[in-house]
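Here the structure comes first, spelled out in structure tokens, and everything after it is commentary.
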Protein chains: 2
Amino acid sequence: MSLAHAILTALLEKPSSGLELTRRFDKSIGYFWPATHQQIYRELKKLEEAGHVHVLPARRPERGQKKEYEVLPAGRAELTAWASAGQDPRPVRDALLLRLRAAAVVGGHGLEDELRRHLALHRRQLEEYLAIEERDFAGDGRGDGRGDGGEERDAGEERGGDADARRLRHLVLRGGIGLESFWIAWLTEALEGLPDALRTA
Amino acid sequence: MSLAHAILTALLEKPSSGLELTRRFDKSIGYFWPATHQQIYRELKKLEEAGHVHVLPARRPERGQKKEYEVLPAGRAELTAWASAGQDPRPVRDALLLRLRAAAVVGGHGLEDELRRHLALHRRQLEEYLAIEERDFAGDGRGDGRGDGGEERDAGEERGGDADARRLRHLVLRGGIGLESFWIAWLTEALEGLPDALRTA
DNA sequence: GCCTCCATGTAACACGTTACATGATTCG
DNA sequence: CGAATCATGTAACGTGTTACATGGAGGC
């Protein structure tokens with residue numbers, strides 16, 4: 001039920017419509033829990049049925065009209081409980097590792113290009129994260145910062161924006177930075193040691 | 001369709017029944033693409049319908065009797081193509097990062113314990129990987145090794161067991177080691193900088 | 001009027017998770 | 001014979017993915 005809680009978090013930061021949520025996800029929470037608008041609509045409906053959110057009654061309940069959602073006390077309570085609950089990490093599922101494993105058995109030309117392509121993707125993502133860090137947490141030490149990863153800067157309210165919240169958001173961002181850095185290091189190592197049989201040229 | 005290809009890889013290394021595959025997954029391929037026996041049975045059925053594998057005709061097609069599967073040429077071709085194909089990395093989905101993000105908004109006592117618990121889990125996984133590396137790739141430099149992560153040592157055949165395959169399997173294992181090491185480092189950093197408001201004691 | 005964008009949604013499918021069902025074999 | 005274990009399988013559900021449908025508003 002992680003998506004529901006991701007939505008509650010985003011809605012607490014700022015009441016929004018479904019599409020607005022989708023766009024905000026794309027540049028913040030979606031970095032570590034992406035979602036399409038279909039998923040979000042589906043989940044908003046369930047959250048409403050559960051009494052965790054409701055539509056702001058600024059009239060207009062028709063199709064094609066914006067519906068602004070807001071978190072209800074029950075939703076906040078649910079999120080608070082979930083944030084502290086125990087939950088095992090998801091098992092790793094990485095197709096690239098799997099493909100290397102397959103290549104060990106059947107070979108695989110073109111793998112070098114694929115590794116380079118992934119390396120470029122991870123470098124781009126890392127740059128994006130670093131830019132956010134520079135913009136929102138400039139001058140902060142590790143584990144301390146302001147903002148969460150580039151979202152709602154325009155909103156300008158920062159109602160939960162005390163130092164602790166700031167530190168937590170920076171910590172999350174540093175998680176993303178560390179992950180991308182790991183993949184870049186691993187891919188670089190992989191490309192150095194790749195058997196000639198799997199090289200492209 | 002990664003699971004299907006994971007199964008093809010495992011079956012090429014050694015023809016097996018569904019349950020045998022499940023058990024082998026648990027200590028090798030399952031480290032980066034876990035699967036339950038239900039998933040594996042479902043997928044084996046599809047692979048058989050697609051003509052990628054077939055049941056060895058050592059009689060016994062009844063329920064409750066072992067069915068030994070083997071990869072057909074079409075299955076090997078499919079796997080070879082997949083191993084070289086392009087495929088974007090899956091987006092990250094990490095609930096712990098999400099919960100830290102939620103805690104930045106609604107708080108969350110008990111998070112410290114949860115971080116410590118995850119730290120312990122990742123340390124255990126790292127030790128498991130390192131033990132495998134020590135056992136199967138002892139003395140090898142980075143990116144070169146023998147074995148893939150602890151499986152089928154008993155099989156003793158290693159038909160694809162040339163130096164390249166060995167190196168690839170070691171590379172995959174080093175991926176796992178690197179990932180666990182990253183999480184350990186990040187969790188340690190997180191625990192150091194955790195706001196007092198989120199600590200358990 | 002038409003096209004584009006905004007916004008909400010439906011439908012169908014793929015895949016992972018969990019619980020349970022059923023037959024065969026072995027061991028006490 | 002009963003219980004445990006091996007082995008295969010069904011069923012139901014949650015969630016992620018992809019494609020498409022519908023209506024309103026603004027611009028040309």
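Numbers restart at 1 for each chain; the letters A, B, ... are given by sequence-line order, proteins then strands.
Taking side-chain N and O atoms only, A/Q39 has no distance below 4.0 Å to OP1 or OP2 of D/dT15. For D/dG9, the OP1/OP2 oxygens have a side-chain nitrogen or oxygen of B/K67 closer than 4.0 Å. Close to C/dT8, at under 4.0 Å from its OP1 or OP2, lies a side-chain N or O of A/S17. The side chain of A/K46 places an N or O atom within less than 4.0 Å of a non-bridging phosphate oxygen (OP1 or OP2) of D/dT15. For A/Y41, no side-chain nitrogen or oxygen approaches OP1 or OP2 of C/dG9 to under 4.0 Å.
Between the CD atom of B/E43 and the C1' atom of D/dG9 there is a distance of 15 Å, given to the nearest Å. Taking atom CG of A/L3 as the reference point, atom P of D/dC13 lies 20 Å away to the nearest angstrom. Note: CG (B/D88) to C1' (D/dT17) measures 14 Å, nearest angstrom. The nearest whole Å value for the distance from the CG atom in B/L47 to the P atom in C/dA14 is 14 Å. In this structure, A/L44 atom CG and C/dT8 atom C1' are separated by 11 Å, rounded to whole Å. Residue B/E20 contributes atom CD, which lies 8 Å from atom P of D/dT8 at whole-angstrom precision. If you take CG of B/L98 and P of D/dT15, they are 13 Å apart, rounded to a whole angstrom. Between the P atom of D/dA4 and the CG atom of B/L19 lies a distance of 19 Å, rounded to the nearest Å.
Residue B/R90 is out of contact with every strand shown, counting any heavy-atom pair closer than 4.0 Å.
A donor N or O paired with an acceptor N or O is found under 3.5 Å between the base of C/dG16 and the side-chain atoms of B/R42.
Of the candidates C/dG16, D/dC6, C/dG9, C/dG16 carries the atom nearest the A/R93 side chain, counting heavy atoms from C-beta on. Of the candidates D/dT18, C/dT8, D/dG9, D/dG9 carries the atom nearest the B/Y69 side chain, counting heavy atoms from C-beta on. Listed candidates were C/dA19, D/dT8, D/dT18. Nearest to the side chain of A/Q38 is D/dT18.
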Test B/L179 against A/D94 for side chain to side chain contact (heavy atoms under 4.5 Å, CB included), laying out the working first. CA-CA 11 Å; B/L179 261 184; A/D94 188 278; over 6 Å; no

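In terms of position on DNA chain D, the residue among B/R23 and A/M1 whose nearest nucleotide sits closer to the 5' end is B/R23.
A side-chain donor from one of A/E128 and A/Y31 sits under 3.5 Å from a side-chain acceptor of the other. Side-chain contact check for B/E180 and B/H122: at least one donor-acceptor pair (N or O, by modelled atom type) lies under 3.5 Å.
Residues B/H52 and B/V71 have side chains not in contact (no heavy-atom distance under 4.5 Å, counting atoms from C-beta outward).
In this pair, B/H5 and B/W82 present their aromatic rings parallel. The plane angle is below 30°, not in the 30 to 60° band.
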